[in-house]
Amino acid sequence: MGSRTHYRADSRTHYDDYDIDAELDVPLEVPKDPAHGDFATNIAMVLASRAKKNPRAVASTIVENIDTKGTYIKRVEVAGPGFINFFLDNKAWLLEALSRALREGEQYGRTSYGRGRRVQVEFISANPTGPMVVVQARAGAVGDTLANLLDACGFSVEREFYINDAGNQVDLLGRSLEARYLQEFGIEAEIPEGGYPGEYLVEMARDLIREKGDALLPGRGGRGGRGDHRGPTVRSGYSGWGDDDSYVPESWRHRFFARYAVEKIVESHKKVLADYGVHFDVWFSEKSLHDAGAVEETIEALRERGYVYENEGALWLRSTAFGDDKDRVLKKQDGEYTYLAPDIAYHRNKFERGFETVIDIWGPDHHGYIARMKAAIQALGYPENALEVLIVQLVRLIRGGEAVRMSKRAGEFVTMSDLLTEVGKDAARFFFLMRAPESHLDFDIDLAKLQTQENPVFYVQYASARIASIFRQAAEEGIPKPSLEGARLDLLGEESELLLMRKIADLPEEILGAALAREPHRMTKYATELASAFHVFYTQCRVLGNDPELTAARLLLVEGAGIALRNTLRLLGVSAPERM
RNA sequence: GCGCCUGUAGCUCAGGGGAUAGAGCAACGGACUUCUAAUCCGUUGGCCGCAGGUUCGAUUCCUGCCAGGCGCACCA
């Protein structure tokens, strides 16, 4: 809530005393406290300051002149320092909202706000040099749910994962794997400086030996070397390299190790993400940009628009033209591109694919790139706000009340896969979405594992289980599934029933608000509030009772709550269990 | 030094120019002959980091300071 709508008031009433315009904006808001009405306005206080009069007196004058005949307004009051609170005849529109939820079912909560406009959400984009870590799990939850929310608001959304499969680090990865491979044969070899010492490459080297034996030792595996003139090949869904490495002459050995490692790691990323409930529409290879000449093309495009110049043997982007602190190097003195160059080409490619809005979710170490990336897309002629960057802050793992020490250099870290194995998808996603993306997050592993009331995800899921349980019980007692037609929903009037209906009614606005503010974490809060409203209702109102009409009406309310809850959990990527 | 994020209850955190600042957990006290007590009800708990400023009104906006985290490359 906190949503604020401005209504145009035309003042047929007696505002002349206050010397104000005939038309003014009247801000209406939904008060946090229901005792303050269904809507409230602070207009009297705004006017009072202009008219130098007592706000409460102004409010009283206004209220005396409001005509509520023939409206849904039941009561108007002056309260506090000068608020005007409006109380609606709630029941009518709450019942209508419930009916709507029941009619729309899985579609309930969706709106057509986006009218099919195309939005891309790019997230995680972990380097294919090692297992994904915990912060990437957080980015995954945020990105996936944000995409779900935008989809629910009628945008045409694509999820994309960018694979940095070109450049120095891939070469280092290949040489690291090669070292592990050689070590398995007892050959002395060292992980290169800046390489990847993690245990996962030892395992990968063993897999490789199981597949290819010693064919990759120096001097082996060439054409005709061992009767198998095709030599090793790689099969996977990922094909950034094309399919041209049909044999492995000496000069290609390094490329093979790099390619093998990247493909295996991307495969493992896909598997972990599938377990996490995240599915990407596009896996975009950086290498494919280079192969297509997109980097040169992009630099050419920038040059034509006058934002590229040469200095001290390097090629620079004039990003200061768009507010960046300093200009940035695109091509180094040694002729190599910086990271920025292909990244600009990548973003150009995104816009060429027709996205109206591109949302990137980055880690905190990249916040310094926002200014230059936004400068770059403007230099290419795209509007500054066509690119939005969300920074997801770091995650600190807490175990036994203490921060888990991780050292990437030593290759010791808790991977995303470890975390999922330990706490499960539901707890992980829910926990990551309980915090605003930009706030630092302490992830308490012990708490996430608890199957007790201390764990907030179970509170929400328990509501789902209880709902299912009621319908199981009803079926056992031979109570027919109620239909909306002819149902006496008007029998619902208990306070807890009305509060539950209000929560159900809020869902579409919650989804829209969370999507437009890019704040997916609002939905865990909503889920908790909805579950709470249900638990209170459950405690206070017996559903399966003696009065068939009341029972039917309450079953419909329970079904409506279930619809709202399941739809919310689906957006979060958390399961809605029928039994716990 | 510069930049980004964060300082709110014992803990983890929402919120946000207005009404008595919220939730969960923790602590304490209650509620199961009835659809799951993984629930519900109640109590305790707050210089909203500090200091100025703007405002009828600031925890919210602005400035400065303090504290914590992160980042500053012709690295990726």
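Residue numbering restarts at 1 for every chain, and letters A, B, ... go by the order of the sequence lines.
- Here the separation of rA14(B) from rA31(B), taken at their C1' atoms, is 29 Å to the nearest Å.
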When you compare the protein's N or O atoms with those of nucleotides 40-44 of chain B, which come within less than 3.5 Å of each other, and at what distance?
unit_1, atom_1, unit_2, atom_2, d
rC40(B), OP1, Tyr459(A), OH, 2.4
rC40(B), O4', Thr539(A), OG1, 3.2

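- As judged by a 4.0 angstrom heavy-atom cut-off over every strand, Leu394(A) is placed among residues touching the sugar-phosphate backbone only.
- Asp442(A) comes within 4.0 angstrom of sugar-phosphate atoms only, judged by non-hydrogen atoms across all strands, and of no base.
- A salt bridge does not link Glu178(A) with Arg175(A): every distance from a Lys NZ or Arg NE/NH1/NH2 to an Asp or Glu carboxylate oxygen is 4.0 Å or more.
- Residue His366(A) is classed as a base contact, given a heavy-atom separation below 4.0 Å to a base.
- Among the protein residues, Ala371(A) comes within range of no part of the nucleic acid, since none of its heavy atoms lies under 4.0 Å from any strand.
- Surrounding CD of Glu477(A) are more than 12 heavy atoms belonging to other residues, nucleotides or ligands, all under 6.0 Å away.
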Show me the protein contacts with nucleotides 2-8 of chain B, counting only N or O atoms at under 3.5 Å.
unit_1, atom_1, unit_2, atom_2, d
rG3(B), N2, His367(A), NE2, 3.3
rC4(B), O4', His367(A), NE2, 3.4
rC5(B), O2', Glu438(A), O, 2.5
rC5(B), O2, His440(A), NE2, 3.0

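- The separation of rC25(B) from rA9(B), taken at their C1' atoms, amounts to 12 Å, rounded to a whole angstrom.
- A salt bridge links Arg554(A) with Glu497(A): the closest approach of a Lys/Arg side-chain nitrogen to an acidic carboxylate oxygen falls below 4.0 angstrom.
- Aromatic ring centres of Tyr346(A) and Phe284(A) lie closer together than 6.0 Å.
- Salt bridge status for Glu422(A) with Arg399(A): present, with a side-chain N to carboxylate O gap under 4.0 Å.
- Glu509(A) and Tyr526(A) share no side-chain donor-acceptor pair at under 3.5 Å.
- At a threshold of 4.0 angstrom between heavy atoms, the contacts of Gln169(A) are confined to the sugar-phosphate backbone, with no base atom among them.
- Every pair passing salt bridge (charged side-chain N to carboxylate O under 4.0 Å, His left out) that includes a residue from residues 325-344 of chain A is listed here, sequence neighbours excluded: Asp324(A)-Arg328(A).
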Between Arg466(A) and Gln461(A), is the side-chain contact (heavy atoms from CB on, under 4.5 Å) condition met? List the steps. CA-CA 9 Å; Arg466(A) 271 184 156 174; Gln461(A) 291 188 312; over 6 Å; no
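- Each of Glu312(A) and Thr528(A) has a nearest nucleotide on RNA chain B; the 5'-most of these lies closest to Thr528(A).
- Regarding the sugar-base torsion, rC32(B) falls in the syn class, its angle being within 90° of 0.
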